[in-house]
Number of protein chains: 2
Amino acid sequence: MRFETSTIKDIAKALGLSTSTVSRALRDRYEISEETKKLVLAYAEKVNYRANPIARSLKERRSYSIGIIASEIANNFFSQVINGIESIAYDKDYHVIISQSHESYKQEKLNVEHLASRSIDGLLIALSSETQDIDYLRDLYTKGLPIVFFDRVPEDFETHKVIANNFKGSFDATEHLILSGKRTIAHLTNSENLSITKERLKGYKAALVKYHIEFRPELVKYCQHGGMHSAELEQAVKELLPLQPDGIFISSDRLTTGCIMALKKTNPEVAHKIAIAGFTNSNLVELFSPSLTSVKQPAFEMGQVATELLISMIEAKRPITEFETRILDTELVKMPKH
Amino acid sequence: MRFETSTIKDIAKALGLSTSTVSRALRDRYEISEETKKLVLAYAEKVNYRANPIARSLKERRSYSIGIIASEIANNFFSQVINGIESIAYDKDYHVIISQSHESYKQEKLNVEHLASRSIDGLLIALSSETQDIDYLRDLYTKGLPIVFFDRVPEDFETHKVIANNFKGSFDATEHLILSGKRTIAHLTNSENLSITKERLKGYKAALVKYHIEFRPELVKYCQHGGMHSAELEQAVKELLPLQPDGIFISSDRLTTGCIMALKKTNPEVAHKIAIAGFTNSNLVELFSPSLTSVKQPAFEMGQVATELLISMIEAKRPITEFETRILDTELVKMPKH
DNA sequence: AAAAAGTGTGCAAACGTTCCCAAAAACGTT
DNA sequence: AACGTTTTTGGGAACGTTTGCACACTTTTT
């Protein structure tokens, strides 16, 4: 804000002290006598003194801000993650700058670079479904920018990561479809290069194996753009239906809602005949028709954990050598009676 | 970021120039010769020079950041507004800090004050449904913080505002219910003090008048917390149903989805018998059951317009005396056949 | 030929902090 | 009475920019 606010200098002048004394008194340093501290604090209170965070940042060479790259905030999974992030960041006096990749690699890179030039102290990122080349992140990381990945994480990048138990979540969802009598279960999933895609595919396969159901590759459809284009989804649905699946397991939030829409739009007559299970954190899932079984990720907690890890990296005195990958359990919310 | 980056000083030293010359060359000032400019620009490019935004902010006494207060980003209306805001802000080189009030006055005030202390250059705000006292905003405003209101605006505050045509949107929705044969139309709405509540109530009443339907106050239910607590909604539904409405017109996004949920939960047998029309920007509305007629606000555009107005205030050389209230048209999306 | 105007550059202060270093004040010890 | 210690304070540089002003040098005008 450009409007006049009192500064340390003003306080110093008013009290006949030096700026250094005032600064130290405000930060409650041991060197300053109780008397002086009280004096300064009282006066600061009186004139409603607020430290200028920009000056502080310049001096301390850090901004107390962390950047977030999510696919899109309109997606409940990400908005919940963000809430988790904020709950921790706020406590520790960081603020948060949110960017959306909209599942585009180009946009993601642009945003990261914009954030970096904005002097963020650290980065929380879920990779876009298009992203394959993460060298630009590696660059920033080796230059000293702390990075923590969540949800969509790269394999070959040594840092903290926070993910859901994708294998188990997928296994449970697929098993649930099988146990309700489905035998031809399609799998609609994200772009092949995402970590979540691979892990969720494994869970799906494992459930099939357990119940001696043959895995048929043609029942698996990948969506390069993660469901951001409806044409992509409609195409996938169109290719899947001739195989007459009696169940579909869908691998992410946007895909789940998008797939149901595509089904309803292109083949309303079968939409209610196919059992659907999918990853989604939508808080409107109870309203959906057809209804579905959903795998909910612990999104809020994921944001919290990722932020704690990131801040620990930012504030670490010595370089970190031990990194962890936290795996959080998902929750299966079964479809109400059909 | 704390890692080494080159500064103007480094460039100056390397090129045997003064920092002022380099600074001016980079900003393409007329005083500097073409020759020198080229030299500086080339070298800056080579060392990948990025101006330090913090230093710049300190010197210029502005942060190139704008604050947003929304109810919650999980709400599609707000996420769309934010997308609109970002589209403009990004272009003009501002960045955006998002805060959520979760419809709580206390949280809203806290967030605004936090943002203000973070040196934002301007504020975009939609009031929480609890908010009645906006003196704290007035304070900041008179101290020089530019503020633009969107969606939920105060009456007695002279600044730019951007709203939807709430009257017409409500009128249209109510009329649509009437034209499809409904005569006992309830109105579920937000807290009484919000601007949108008042305007939408007027539209509802006007439609009743046009079709000679008596206005019955007991058919109007207010929700102080804007649908953030499910208990509040269930209570409202419980009070409404004995009056046997054949239609409900609902006045905001969160309330619309919340009301349908409450209906389904508490009275599933009637849920499909009541025609519902409501304000919502949910992009999942096609999936809902029961289906509904929705009034969509031009959220993206609202964000854009608000941001343009705000930036014009921030960058104005002289105090602004003429303020405008922009009113944007809503769109009625009719329910598919029942 | 001198004065005026124009062009290109550098010096140094300022933005509001933090923190190293020194200095002053208060106290105790011989 | 002289000297250490400890406690408390102040001076001033630094963080990386921007910008008013002064200066030197050219060119134009009278």
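All of these numbers come straight from a predicted model, not from anything done at the bench.
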Starting from [atom2] on [N], measure out to [atom1] on [X] and report it in whole angstrom.
| X | N | atom1 | atom2 | value |
| --- | --- | --- | --- | --- |
| A/Glu60 | C/dG16 | CD | C1' | 12 Å |
| B/Ile8 | C/dC11 | CD1 | P | 15 Å |
| A/Leu15 | D/dG10 | CG | C1' | 15 Å |
| A/Ile11 | D/dT9 | CD1 | P | 15 Å |
| A/Arg29 | D/dT8 | CZ | P | 15 Å |
| B/Arg27 | D/dG16 | CZ | C1' | 13 Å |
| A/Arg62 | D/dG16 | CZ | P | 16 Å |
| B/Asn52 | D/dT18 | CG | C1' | 13 Å |

Given salt bridge (charged side-chain N to carboxylate O under 4.0 Å, His left out), test B/Glu35 with B/Lys37 step by step and report yes or no. CA-CA 5 Å; B/Glu35 218 177 345; B/Lys37 275 184 191 168; over 6 Å; no

Please determine, by modelled atom types, if [X] and [Y] share a side-chain donor-acceptor pair under 3.5 angstrom.
| X | Y | result |
| --- | --- | --- |
| B/Ser33 | B/Thr36 | yes |
| A/Gln107 | A/Asn111 | yes |
| B/Arg118 | A/Tyr64 | no |
| B/Glu86 | B/Tyr94 | no |

To the nearest 10 degrees, the angle between the two end axes of the helix from C/dA1-D/dT30 to C/dT30-D/dA1 (five pairs per end) comes to 70°

- Message: At less than 3.5 Å, do the side-chain atoms of A/Lys59 and the base atoms of C/dT18 form a donor-acceptor pair?
- Response: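 Per atom types, the contact qualifies.
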
So, under a plain 3.5 Å distance rule, would you say the side chain of A/Ser20 forms a donor-acceptor pair with the base of D/dG11?
yes

Side-chain N or O of A/Arg61 less than 4.0 angstrom from OP1 or OP2 on D/dG16?
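Answer is yes, contact under 4.0 Å.
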
query = Which part of the nucleic acid does B/Ser23 contact within heavy-atom distance under 4.0 Å: base, sugar-phosphate only, or nothing?
reply = base

Salt-bridged, A/Glu45 to A/Arg50, with N to O below 4.0 Å? no

Subject >> A/Asp156 bridged to A/Arg138 by N-O distance under 4.0 Å >> reply: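 Salt bridge flag = yes for A/Arg138 with A/Asp156.
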
Please check if the distance between the ring centroids of A/Tyr141 and A/Phe157 is under 6.0 Å. yes

Could you list, one pair per line, each protein nitrogen or oxygen that sits under 3.5 Å from a nitrogen or oxygen of nucleotides 6-9 of chain C, together with the distance?
residue, atom, partner, partner atom, Å
C/dT9, OP1, B/Thr36, OG1, 2.8
C/dT9, OP2, B/Ser33, N, 3.3
C/dT9, OP2, B/Ser33, OG, 3.2
C/dT9, OP2, B/Thr36, OG1, 3.0

*Does A/Arg152 make a cation-pi contact with A/Phe150 (under 6.0 Å, within 45 degrees of the axis)?*
no

